[in-house]
Amino acid sequence: MLTRRGGTALGVLVACVLVAVTFFAVRDALRSADNALRLSEATLSIGDAAGTPVQLPYRWTPFERQTGLHRFDFEFDFDASRRAGRELSLHVPVYEPYANVYLNGLKIFDSTTSSDWPGPLSNATALMLLPAERLLDGRNTLRIDLQAKARTVAIPFAGGLSDVYVGWLDELRPIYYWRSFFNHDLKIILFGAQIMLACFALVLFLRKPSDTAFGWMGMVLFLSLAYGAGPIAQILPDYRLIIVYTFLMSPVVGLALVGLSGAITGSATRIPLWLLAGMFVFLAALPQLFDRPVVDLTFHFSLPVTIALFFTSFVILARGVVRNRSLDVVLTLSGVFILFVGAVHDVGVWRGWIEHGLMLAQVSRIITLVGFAAMIFRRYTSMSDALDNAADELRARLTEKERELADLYEEQKRKDAARLLQEERARMTRDLHDGVAGHLVAITALSESDKDLRDNIKASARAALGELRLVLDTLEVEEADLHYYLGVFRGRCVEPLEALGYDVTWSMTRLPELGTIPQEAAFNIIRILQEAVTNAVRHGAPGRLDIRGEAIAPDTIRFVVRNHLSSQDPTESTGGLGLRNARERAHSLDGFASFEVRDEQAEFTLTIPVRTIADNGLQTRREPDPAVCQA
């Protein structure tokens, strides 16, 4: 990134290089052949008037109102012995607007057929061979006819003729090519480059309306296109009809340039759009308001105002360079300065104050366009750099947030693992306490009794051992299907009852195949069924016990434990501690447990949705519903 001082130094260096290149290029275009014969004296006849001697270069201004044919007669000597196989040619560096050339009475050049007049901001150049058969050994006559007006429409701009040169073709051709390039080819190149820059500036303005410099630049470039359209007049003949009015409107371009300078430097100078529109309307009405020819109004009002606006733009940019020291401001300043100098020079040529030569306004546009291009490039790269920096910053923030989320995820995983481990310990503690611990307490109490309770102690110890085996069996495998766990439950809890003489009906064939289920779900189901069977044996009449499992809907299963009552137990019928624990376990499975007594039968029902235990097992674990626990 350039510093302010470095940007200023680089801008000054580039501007000086561009000015130097332009200066030497123009100097080479204006030079003449050293060995050529220079014809600077002629006899001029205007219309039917008698001829008078004139010194070249000769020029007339629009205010002189010279109309009709301007005839320049020359004489020169030729030594045929010096030919030595070389071709003699005639070079006319500058003429305007139209020329016919005659050698000893024979027409050898007609500009109306070879090229069209490029316009008042340009002049024409010509190089032609002098036919060997028409050259005389000795004195030869040369005539150049200039038409003071265009043949299609009267355009009262200046006209004139420079010195002419007679010399060898190989010596005059490089000079002609230089002048032809500056007068025609370069202007076409600049015209295309200006259209491209104008479009690019307006596109950038549409993308970023807050940067008004792009809008002003596009407006300046588009408005000034008419002044560079002379080289394409051959394909746009109607251009000659409006060219005089385009110069009358030139202050609009100057005003837009002032607006551009203010936008670039950020100065307090602001040009509202309504002022541009008002200036345009005023200039359009100027010929009717003052009843003067357009050319007079152009030279006495429009061009001086335009030059003054160019100078104002230069002053604004110069102050901006002192304040901002920006590379694009320095380049734009150099372009506006050269444009100002070129406009002053061309007006001086039109008024006859400066000797006839190249029109510099069009040539000086090179530096102006380079300055505009540099500004567009600088501002566009600044926008791109800002977007890239914002993207890099967002990318860095995103990476940081991803790292934070990864750390939080790992921390949450550790916390979840610790919580699950704690819950598993609590569950195992509760299960051992509720099952094995109760039997051990009973064994301890019986062992401390004075009575011979050996059989009771033996039964309690066997029950405690069964409880412990049931817990270990359910913990032995991590995951299995529901029928496996139900088989463990039958083997540990139901078959001992059958051995004691209970008539137990066991039916689980109507249960669906659910695949593997997690230990916690299986253990809760077994504990609930164990509680139901224990209550049935404890409070039911000896003899018959019915245990069934079935699917009551595609997504719901139900277990039923039914027995006959030996007596009505109000605690169990309304919900004691055992039933509350069963309901709590059922609630953890998103199901519910119920107990009903009717017709001397007790029926315990466990209903569970399949989604909580099938496939991936428990998706969420809900806390026990206090209302259910207290039921």
*Asks:* Would you indicate whether the side-chain heavy atoms of Asp79 and Asp77 approach each other to under 4.5 Å?
*Replies:* no
*Asks:* Compare every heavy atom of Phe214 with every heavy atom of Ala201, then report the nearest pair and how far apart it is.
*Replies:* O-CB, 3.4 Å
*Asks:* Can you confirm whether Pro57 sits close enough to Asp163 that some side-chain heavy atom of one is under 4.5 Å from a side-chain heavy atom of the other?
*Replies:*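 Contact flag for Pro57/Asp163 side chains = yes.
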*Asks:* Testing the basics here: between Pro131 and Leu103, what is the closest heavy-atom pair and its distance to 0.1 Å?
*Replies:*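 Minimum heavy-atom contact is CD-CD2, 3.8 Å.
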*Asks:* How many angstroms lie between CD1 in Ile144 and CG in Leu161, if you round to the nearest 0.5 Å?
*Replies:* 5.0 Å
*Asks:* Can you name the residues that form a side-chain contact (heavy atoms from CB on, under 4.5 Å) with Leu206, not counting sequence neighbours?
*Replies:*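 Once residues adjacent in sequence are excluded, Leu206 has no partner under the side-chain contact (heavy atoms from CB on, under 4.5 Å) criterion.
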*Asks:* With side-chain contact (heavy atoms from CB on, under 4.5 Å) as the criterion, how do Val164 and Phe72 come out once you've worked through the C-alpha distance, each side chain's angles and the decisive distance to 0.1 Å?
*Replies:* CA-CA 11 Å; Val164 296; Phe72 295 85; over 6 Å; no
*Asks:* If you count every heavy atom of other residues, nucleotides or ligands that lies below 6.0 Å from Arg139 atom CZ, does the total exceed 12?
*Replies:*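 Result for CZ/Arg139: enclosed.
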*Asks:* Would you find more than 12 non-hydrogen atoms of other residues, nucleotides or ligands less than 6.0 Å from Arg207 atom CZ?
*Replies:*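 Incorrect, the count does not exceed 12.
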*Asks:* Quick check for you: to the nearest 0.5 Å, what is the distance between Asp392 atom CG and Thr399 atom OG1?
*Replies:*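 Taking CG in Asp392 and OG1 in Thr399, the distance rounds to 10.5 Å.
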*Asks:* Does Phe311 have more than 12 heavy atoms from other residues, nucleotides or ligands lying within 6.0 Å of its CZ?
*Replies:* no
*Asks:* What heavy-atom pair brings Thr141 and Glu75 nearest, and what distance separates the two atoms?
*Replies:* CG2-CG, 4.3 Å
*Asks:* Answer whether the closest heavy-atom distance between the side chains of Ile264 and Trp216 falls below 4.5 Å.
*Replies:*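 No, too far: nothing below the 4.5 Å cut-off.
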*Asks:* Quick one, Leu221 and Met217 - any side-chain contact, counting heavy atoms below 4.5 Å?
*Replies:*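 Yes, side chains in contact.
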*Asks:* How long is the gap from CZ on Phe74 to OG1 on Thr43, to the nearest 0.5 Å?
*Replies:*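 The CZ atom of Phe74 sits 9.0 Å away from the OG1 atom of Thr43.
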*Asks:* Start with the C-alpha distance between Phe205 and Asp211, add both sets of side-chain angles, then the distance that settles side-chain contact (heavy atoms from CB on, under 4.5 Å), and finish with yes or no.
*Replies:* CA-CA 7 Å; Phe205 175 68; Asp211 194 345; 6.0 Å; no
*Asks:* What I want to find out is whether Asp145 reaches Arg143 closely enough, with some N-O distance under 4.0 Å, to be called a salt bridge.
*Replies:* yes
*Asks:* Identify the heavy atoms of Ser313 and Val336 that sit nearest to each other, and give their distance.
*Replies:*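 Closest approach of Ser313 to Val336: OG-CG1, 3.9 Å.
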*Asks:* Please report the interatomic distance CE(Met219) to CG(Leu273), rounded to the nearest 0.5 Å.
*Replies:* 5.5 Å
*Asks:* Find the distance between CG (Leu202) and CZ (Phe200) and round it off to the nearest 0.5 Å.
*Replies:*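 One finds 11.5 Å between CG of Leu202 and CZ of Phe200.
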*Asks:* Just by modelled atom types, is the Tyr176 backbone N or O under 3.5 Å from a matching donor or acceptor in the Ser180 side chain?
*Replies:*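 Looks like no, no N/O pair under 3.5 Å.
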*Asks:* In sequence, state the C-alpha distance, the side-chain angles, and the governing distance for Leu56 and Leu39, and then conclude on side-chain contact (heavy atoms from CB on, under 4.5 Å).
*Replies:* CA-CA 8 Å; Leu56 300 181; Leu39 304 179; 5.8 Å; no
*Asks:* Report the relative orientation of the aromatic rings in Phe314 and Phe337; use parallel for angles under 30°, tilted for 30 to 60°, perpendicular for over 60°.
*Replies:* tilted
*Asks:* So Arg179 and Leu127, do their side chains get closer than 4.5 Å, heavy atoms only?
*Replies:* no
*Asks:* Within this structure, what is the CG-CG distance for the pair Leu130 and Asn140, rounded to the nearest 0.5 Å?
*Replies:*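 Answer for the CG-CG pair, Leu130 versus Asn140, is 8.5 Å.
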*Asks:* At their closest point, which heavy atom of Ser45 faces which heavy atom of Ala50, and how far apart are they?
*Replies:*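 Result for this residue pair: OG-C, 4.2 Å.
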*Asks:* Any side-chain heavy-atom pair from Leu142 and Val101 closer than 4.5 angstrom?
*Replies:*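 Touching, per the 4.5 Å side-chain cut-off.
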*Asks:* Is there a side-chain contact between Phe78 and Leu136, using heavy atoms and a 4.5 Å cut-off?
*Replies:*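 Sidechains of Leu136 and Phe78: no contact.
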*Asks:* Donor-acceptor check, side chain of Asp291 to backbone of Leu289, threshold 3.5 angstrom: yes or no?
*Replies:*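 It does not hold such a pair.
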*Asks:* Are any non-hydrogen side-chain atoms of Phe109 and Val92 less than 4.5 angstrom apart?
*Replies:*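 No, too far: nothing below the 4.5 Å cut-off.
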*Asks:* Begin with the C-alpha distance, continue with both residues' side-chain angles, and end with the deciding distance and a verdict on side-chain contact (heavy atoms from CB on, under 4.5 Å) for Met249 and Ser302.
*Replies:* CA-CA 7 Å; Met249 298 295 176; Ser302 293; over 6 Å; no
*Asks:* Give every donor-acceptor pair under 3.5 Å between a side-chain atom in residues 274-283 and any protein atom, sequence neighbours left out.
*Replies:*
none

*Asks:* Tell me whether the rings of His70 and Tyr58 are parallel (<30°), tilted (30 to 60°) or perpendicular (>60°).
*Replies:*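 Correct class here is tilted.
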*Asks:* So, the side chain of Ser89 versus the backbone of Val166: is there a donor-acceptor pair under 3.5 Å, distance only?
*Replies:*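 No: the side chain of Ser89 does not pair with the backbone of Val166.
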*Asks:* Is it true that, when you exclude Arg319 itself, more than 12 heavy atoms of the residues, nucleotides or ligands shown sit nearer than 6.0 Å to its CZ?
*Replies:* no
*Asks:* If the threshold is 4.0 Å, N to carboxylate O, is there a salt bridge linking Arg173 and Glu87?
*Replies:* no
*Asks:* If you compare all heavy atoms of Ala263 against all heavy atoms of Thr212, which two are closest, and at what distance to 0.1 Å?
*Replies:*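 For Ala263 and Thr212, the tightest heavy-atom pair comes out as CB-OG1, 3.6 Å.
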*Asks:* Donor-acceptor check, side chain of Ser261 to backbone of Leu257, threshold 3.5 angstrom: yes or no?
*Replies:*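 Yes, Ser261 side chain to Leu257 backbone: donor-acceptor pair under 3.5 Å.
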*Asks:* Counting only N and O atoms by type, is there a donor-acceptor contact under 3.5 Å from the side chain of Arg134 to the main-chain atoms of Asn104?
*Replies:*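 Yes: the side chain of Arg134 pairs with the backbone of Asn104.
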*Asks:* Look at Glu96 together with Arg59 and state whether they make a salt bridge at an N to O cut-off of under 4.0 Å.
*Replies:*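 A salt bridge links Glu96 with Arg59.
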